[in-house]
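First comes the structure, then the notes that go with it.
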Amino acid sequence: MFRTKAGCIKCHNGPLLSDQRFHNTGLHYFGRKFEDLGRYEITGKNKDMGAFRTPSLRHLMATKPWMHNGLFTQLEGIIRMYEHGGARPRRPATLPAEQYYPTTTQLLTPFDLTPAERQALLAFIKAYKQ
């Protein structure tokens, strides 16, 4: 599932299980209380708005809470979010048309896991300690 059905390997690959690139997972909270524009704060480039570096999955169980903002304390929640294709916030209707709005990466696409597949994926991710 990691390589195929769930497609985790699209971003979590290589020796560190991270492509070391920056992607937008939709957790930027643009224009809201917990707004975090990620790499944009460094580069000032619109394409970097809401983008964060893919974290390594090595020693994952020792690094919680997870995501750039510590939003998740359970891996099951992260898998569920990615099953839906990541967070997909909607552009506010009040935002002027000329104002850039960050969008979730196209690398994240919805997928369906059975409960047994979800448990197998969790076991695989939790076991990676090298």
Side-chain angles (χ1 to χ4, degrees):
M1 267 98 26
F2 187 85
R3 288 183 301 109
T4 57
K5 198 170 187 179
C8 310
I9 202 160
K10 292 176 194 171
C11 299
H12 294 282
N13 56 61
L16 296 176
L17 290 182
S18 169
D19 62 7
Q20 296 295 304
R21 294 184 180 184
F22 293 83
H23 304 284
N24 186 330
T25 60
L27 296 176
H28 47 72
Y29 297 95
F30 182 87
R32 294 167 31 203
K33 182 179 178 183
F34 297 108
E35 178 180 85
D36 190 341
L37 301 181
R39 187 162 171 78
Y40 174 83
E41 298 291 345
I42 303 299
T43 68
K45 296 177 182 177
N46 284 344
K47 70 178 183 72
D48 291 334
M49 199 175 287
F52 296 89
R53 186 186 306 258
T54 304
S56 172
L57 295 184
R58 296 182 81 173
H59 305 288
L60 184 67
M61 296 312 295
T63 63
K64 72 179 183 180
W66 299 289
M67 306 310 273
H68 70 278
N69 56 4
L71 181 64
F72 290 95
T73 59
Q74 301 295 319
L75 288 176
E76 292 86 350
I78 296 172
I79 290 175
R80 294 284 188 170
M81 180 186 80
Y82 286 135
E83 279 185 84
H84 292 282
R88 300 283 173 177
R90 294 194 175 122
R91 180 187 184 88
T94 57
L95 193 65
E98 64 277 1
Q99 170 68 46
Y100 182 82
Y101 185 75
T103 57
T104 304
T105 179
Q106 295 300 314
L107 291 172
L108 296 178
T109 55
F111 56 90
D112 291 314
L113 296 178
T114 67
E117 290 171 330
R118 194 173 300 111
Q119 289 306 310
L121 180 58
L122 279 167
F124 174 78
I125 293 170
K126 287 178 179 179
Y128 200 86
K129 296 179 182 176
Q130 289 83 4

- About how many Å separate CD of Glu83 and CG of Leu113, when rounded to the nearest 0.5 Å? 4.5 Å
- Query: Which pair of non-hydrogen atoms, one from Leu107 and one from Lys10, has the smallest distance, and what is that distance?
  - Reply: O-NZ, 3.1 Å
- Exercise: identify the closest heavy-atom pair between Thr73 and Pro65: CG2-CB, 4.1 Å
- Under a 4.5 Å side-chain heavy-atom rule over Ile, Leu, Val, Met, Phe, Trp and Tyr, are Met67 and Leu121 clustered together? yes
- Query: Transitively linked via ILVMFWY side-chain contacts under 4.5 Å: Phe34 with Met81?
  - Reply: yes
- Message: I'd like to check Tyr29 versus Asn69 (side-chain heavy atoms, cut-off strictly below 4.5 Å). Are they in contact?
- Response: yes
- Query: Quick one: does Asn13's side chain get under 4.5 Å of Cys8's, heavy atoms only?
  - Reply: no
- Query: Is there a side-chain contact (heavy atoms from CB on, under 4.5 Å) between His23 and Cys11 once you walk through the steps?
  - Reply: CA-CA 9 Å; His23 304 284; Cys11 299; 3.8 Å; yes
- Can you tell me how far OH of Tyr100 sits from OH of Tyr40, rounded to the nearest 0.5 angstrom? 10.5 Å
- Interatomic distance, His28 atom NE2 to Leu37 atom CG [nearest 0.5 angstrom]: 8.5 Å
- Query: Would Trp66 end up clustered with Leu122 when hydrophobic side chains under 4.5 Å apart are linked, directly or stepwise?
  - Reply: yes
- Per side chain to side chain contact (heavy atoms under 4.5 Å, CB included), Leu75 is matched among Arg118, Arg80, Lys64, Met61 by Met61
- Item | Glu76 CD to Gln119 CD distance, which is reported to the nearest 0.5 Å | 6.5 Å
- Message: Could you tell me if Asn24 and Thr105 have a donor-acceptor pair between their side chains, going purely by distance under 3.5 Å?
- Response: no
- Message: Please determine whether the number of non-hydrogen atoms from other residues, nucleotides or ligands lying under 6.0 Å from atom CZ of Arg88 exceeds 12.
- Response: yes
- Task: Walk me through it: do Phe111 and His84 pass the test ring pair (Phe, Tyr, Trp, His ring centres under 6.0 Å)?
- Result: CA-CA 7 Å; Phe111 56 90; His84 292 282; 9.1 Å; no
- Task: Check whether any side-chain heavy atom of Tyr82 lies under 4.5 Å from a side-chain heavy atom of Thr25, and answer yes or no.
- Result: yes
- Item | Point-to-point distance, once rounded to the nearest 0.5 Å, from CD of Gln99 to CG of Asn46 | 7.5 Å
- Item | Side-chain ion pair, Lys5 and Glu117, N-O less than 4.0 Å | yes
- Linked, directly or transitively: Leu71 and Leu60 (ILVMFWY side chains, under 4.5 Å): yes
- Task: Could you tell me whether the side chain of Ser56 and the main chain of Leu17 form a donor-acceptor pair under 3.5 Å?
- Result: no
- Message: Could you check whether any side-chain heavy atom of Thr103 comes within less than 4.5 Å of a side-chain heavy atom of Pro89, counting everything from C-beta outward?
- Response: no
- Item | Proximity of Tyr101 and Phe30 rings by center, below 6.0 Å | yes
- Which is it for His12 and Leu16 under the side-chain contact (heavy atoms from CB on, under 4.5 Å) test, yes or no, and what are the steps along the way? CA-CA 8 Å; His12 294 282; Leu16 296 176; over 6 Å; no
- Message: To the closest 0.5 Å, what do you measure between CE (Met49) and CG (Asp36)?
- Response: 12.0 Å
- Above 12 or not: heavy atoms from other molecules or residues under 6.0 Å from CZ of Arg91? yes
- Query: Is it the case that more than 12 heavy atoms not belonging to Gln106 sit under 6.0 Å from its CD atom?
  - Reply: no
- State plainly whether one hydrophobic cluster holds both Met1 and Leu108, where clusters connect Ile, Leu, Val, Met, Phe, Trp and Tyr through side-chain heavy atoms under 4.5 angstrom apart. yes
